[in-house]
Engineer: 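One structure, as structure tokens, below. Some questions next.
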Amino acid sequence: MMFTNDKPIFQQMADRLCDEILAMTYQDDDRIPSVREYAVMLEVNSNTAVKAYEQLSRANIIYNKRGMGYYVTPGAREQILQERRKAFLEQTLPELFRQMRLLNIDISEVETAWGKT
């Protein structure tokens, strides 16, 4: 995984796991990789992975079965979708429109470019 400088690594790891839940790589009550497995997979320190898992656990995205590992909380996908949609509409979209105004880009140009993908 390529990490960026805009967020802490543990946050990017948590985001990636959420992306995998959204993509249905992991579904309700599926076991996810252990903290150590995920740290090795992404080539990061285990303490960083612990922070990511703790954050997701506090957010009720994953839960721990003592001695068995971490699992996806039922309904986590819907929760992530709601949170991500809200963030997109309240943060990403206004910034996109601001940039479009600054660069004098019309919505028809975006529609044309979108059709090319």
Side-chain angles (χ1 to χ4, degrees):
M1 177 174 177
M2 298 294 293
F3 295 104
T4 62
N5 291 327
D6 63 336
K7 288 184 188 177
I9 292 174
F10 79 90
Q11 179 64 56
Q12 293 176 63
M13 290 177 69
D15 288 347
R16 177 186 166 137
L17 198 48
C18 286
D19 290 347
E20 292 170 342
I21 292 169
L22 286 175
M24 299 182 74
T25 303
Y26 304 112
Q27 298 181 36
D28 289 355
D29 291 314
D30 279 354
R31 184 182 179 280
I32 61 173
S34 71
V35 170
R36 181 166 159 47
E37 290 169 339
Y38 214 54
V40 168
M41 185 186 324
L42 300 181
E43 300 176 349
V44 300
N45 185 295
S46 292
N47 292 332
T48 304
V50 166
K51 284 184 180 181
Y53 277 51
E54 286 175 348
Q55 176 183 334
L56 292 172
S57 184
R58 281 191 306 272
N60 207 29
I61 301 297
I62 61 174
Y63 65 95
N64 187 7
K65 284 187 183 178
R66 192 169 188 92
M68 300 195 54
Y70 283 92
Y71 294 78
V72 177
T73 302
R77 185 173 188 278
E78 292 74 24
Q79 179 183 338
I80 296 165
L81 275 172
Q82 286 178 354
E83 291 170 4
R84 294 257 180 111
R85 285 177 177 159
K86 182 178 183 203
F88 179 81
L89 292 171
E90 293 178 359
Q91 298 164 12
T92 306
L93 204 53
E95 176 58 19
L96 174 69
F97 289 145
R98 187 183 78 77
Q99 288 291 325
M100 287 173 63
R101 278 191 302 274
L102 287 173
L103 300 171
N104 198 26
I105 296 174
D106 188 74
I107 193 71
S108 62
E109 292 178 68
V110 174
E111 288 171 342
T112 300
W114 180 259
K116 292 180 183 177
T117 58

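Keep in mind that the numbers below use all heavy atoms, side chains included, and drop hydrogens, waters and symmetry copies.
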Engineer: Do V72 and R77 touch side chain to side chain, with heavy atoms closer than 4.5 Å?
Structural biologist: no
Engineer: How many angstroms lie between CG in N64 and OH in Y71, if you round to the nearest 0.5 Å?
Structural biologist: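 Here the interatomic distance stands at 9.0 Å.
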Engineer: Search all heavy atoms of A49 against all heavy atoms of A39 and return the closest pair with its distance.
Structural biologist: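 In terms of heavy atoms, the two residues are closest at CB-CB, 3.9 Å.
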Engineer: Indicate if L81 and I62 have the same hydrophobic cluster label, given that clusters are the connected sets of ILVMFWY residues with side-chain heavy-atom separations under 4.5 angstrom.
Structural biologist: yes
Engineer: So, taking the atom named CZ in R16 and the one named OG1 in T25, what distance separates them when rounded to the nearest 0.5 Å?
Structural biologist: 9.0 Å
Engineer: Are any non-hydrogen side-chain atoms of N45 and K51 less than 4.5 angstrom apart?
Structural biologist: no
Engineer: State, with a plain yes or no, whether a side-chain heavy atom of Y70 is found less than 4.5 Å away from one of V35.
Structural biologist: yes
Engineer: Do any N or O atoms from the side chain of E109 and from the backbone of D106 form a donor-acceptor pair under 3.5 angstrom?
Structural biologist: yes
Engineer: Supply the atom-to-atom distance T73 OG1 to I21 CD1, rounded to the nearest 0.5 angstrom.
Structural biologist: 8.0 Å
Engineer: I want to check something: taking the side chain as every heavy atom from C-beta on, are F88 and R84 in contact at a cut-off of under 4.5 Å?
Structural biologist: no
Engineer: How far does CD1 of I80 sit from CG of L17, to the nearest 0.5 angstrom?
Structural biologist: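 Rounded to the nearest 0.5 Å, the CD1-CG separation comes out at 7.5 Å.
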Engineer: Please tell me whether L89 and I107 are part of a single hydrophobic cluster in this structure, the criterion being side-chain heavy atoms less than 4.5 Å apart.
Structural biologist: yes
Engineer: For R31, does the CZ atom have more than 12 heavy-atom neighbours from other residues, nucleotides or ligands under 6.0 Å away?
Structural biologist: yes
Engineer: Between E95 and Q91, is the side chain to side chain donor-acceptor pair (under 3.5 Å) condition met? List the steps.
Structural biologist: CA-CA 6 Å; E95 176 58 19; Q91 298 164 12; over 6 Å; no
Engineer: Under a 4.5 Å cut-off applied to non-hydrogen side-chain atoms, are I32 and E20 in contact?
Structural biologist: no
Engineer: Is it the case that over 12 heavy atoms from other parts of the model lie below 6.0 angstrom from the CG atom of N104?
Structural biologist: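 For N104, atom CG is not crowded (no more than 12 foreign heavy atoms under 6.0 Å).
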Engineer: If you draw a 6.0 Å radius around CD in E43, do more than 12 non-hydrogen atoms from other residues or ligands fall strictly inside?
Structural biologist: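 Atom CD in E43 is not packed in, count stays at 12 or less.
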Engineer: Identify the heavy atoms of A76 and D28 that sit nearest to each other, and give their distance.
Structural biologist: N-OD1, 4.1 Å
Engineer: Within this structure, what is the CG-CG distance for the pair L22 and D15, rounded to the nearest 0.5 Å?
Structural biologist: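 So the gap between those two atoms works out to 10.0 Å.
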Engineer: Are M13 and F3 packed together at the side-chain level, in the sense that at least one heavy-atom pair is separated by less than 4.5 angstrom?
Structural biologist: yes
Engineer: How far does CD of E54 sit from CG of L56, to the nearest 0.5 angstrom?
Structural biologist: 10.5 Å
Engineer: As a quick check of understanding, evaluate side chain to side chain donor-acceptor pair (under 3.5 Å) for Q79 and E83, giving each step before the final call.
Structural biologist: CA-CA 6 Å; Q79 179 183 338; E83 291 170 4; 3.2 Å; yes
Engineer: Should L102 and L96 be counted in the same cluster of Ile, Leu, Val, Met, Phe, Trp and Tyr side chains packed under 4.5 Å apart?
Structural biologist: no
Engineer: Given side chains that start at C-beta, do those of Y63 and D29 come closer than 4.5 Å, heavy atoms only?
Structural biologist: yes
Engineer: Report yes if the side chains of S34 and Y53 come closer than 4.5 Å at any heavy-atom pair, otherwise no.
Structural biologist: no
